[in-house]
Amino acid sequence: MRALGPLILIAELAARQGIDLYAVRANGRSIHDAPRFLVGAIADPSKISRYAPEPQYLKSLQPGSSEHAWAEFYVRRFPEASARSLLTAPLCNRRLGGNATVYAAPVR
């Protein structure tokens with residue numbers, strides 16, 4: 001989960017250079033699988049037990065958490081994405097450069 005923010009920002013930077021990392025598939029997977037898995041795991045933590053048998057603390061991953069600042073960029077590009085459910089408030093995350101809600105806002 002911690003790598004998802006930088007991964008989405010890398011994909012956004014690459015898109016500005018004409019490289020579509022969102023379209024890349026490896027071993028039948030794409031970047032889209034990570035947000036889908038995360039949203040599903042927040043809704044049903046038993047999905048994580050296959051990968052981490054110890055109980056996981058997911059309180060910090062509830063919708064509106066600053067850990068989901070990446071979703072501002074992702075949902076802007078993919079409005080139908082399930083990650084939209086994570087955006088319940090403006091999000092700011094220092095690791096991702098600050099106020100992601102402002103950064104991801106459409107340019108007028």
Side-chain angles (χ1 to χ4, degrees):
M1 192 329 264
R2 298 227 4 124
L4 191 52
L7 184 62
I8 296 297
L9 288 184
I10 290 168
E12 289 297 314
L13 291 171
R16 290 182 176 250
Q17 300 297 319
I19 302 166
D20 186 4
L21 295 180
Y22 292 109
V24 173
R25 296 192 66 77
N27 299 320
R29 303 262 184 213
S30 76
I31 195 172
H32 301 288
D33 294 312
R36 272 195 298 269
F37 178 80
L38 178 61
V39 170
I42 290 169
D44 179 7
S46 70
K47 293 181 181 209
I48 298 173
S49 62
R50 176 178 172 195
Y51 306 100
E54 295 296 319
Q56 301 297 302
Y57 179 77
L58 298 177
K59 292 270 190 222
S60 64
L61 297 182
Q62 295 307 308
S65 166
S66 66
E67 290 296 325
H68 301 309
W70 59 267
E72 294 280 9
F73 300 94
Y74 188 75
V75 169
R76 179 170 176 239
R77 186 170 296 275
F78 303 102
E80 73 288 348
S82 62
R84 179 173 291 289
S85 66
L86 302 175
L87 302 177
T88 61
L91 299 177
C92 184
N93 184 301
R94 286 185 301 158
R95 276 186 340 111
L96 301 182
N99 192 332
T101 303
V102 171
Y103 297 151
V107 178
R108 294 181 191 216

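When a residue number appears, it is its place in the shown sequence, counting from 1.
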Common cluster, Ile48/Ile42, ILVMFWY with side-chain heavy-atom separation under 4.5 Å: yes
Minimum side-chain heavy-atom gap Ile31-Ile8 below 4.5 Å: yes
Under 3.5 Å donor-acceptor, Ser30 side chain and Ala23 backbone: no
Heavy-atom donor-acceptor pair, Ser65 side chain to Ser60 backbone, under 3.5 Å: yes
side-chain hydrogen bond (donor to acceptor under 3.5 Å, both in side chains), paired with Glu12, selected from Tyr22, Trp70, Tyr103, Tyr74: Tyr22
Pro79 side chain reached by Arg84 side chain, heavy atoms, under 4.5 Å: yes
Phe78 reachable from Leu96 in the ILVMFWY side-chain graph, under 4.5 Å edges: yes
Within one Ile-Leu-Val-Met-Phe-Trp-Tyr cluster: Leu21 and Leu38, side-chain cutoff 4.5 Å: no
Cluster link Leu9 to Leu91, ILVMFWY, side chain under 4.5 Å: no
Over all atoms of both residues, closest heavy-atom pair of Cys92 and Ser66: O-CB, 3.0 Å
Gap separating the CD atom of Glu72 from the CG atom of Leu87, nearest 0.5 angstrom: 4.5 Å
Nearest heavy-atom neighbours spanning Pro63 and Ser85: CB-O, 3.4 Å
Side-chain (Arg36) to main-chain (Ser82) donor-acceptor, under 3.5 angstrom: no
More than 12 heavy atoms of other groups within 6.0 Å of Glu80 CD: yes
Single-linkage hydrophobic cluster, 4.5 Å side-chain cutoff, Phe73 and Ile10 together: no
Backbone of Arg95 reached by a side-chain donor or acceptor of Asn93 within 3.5 Å: yes
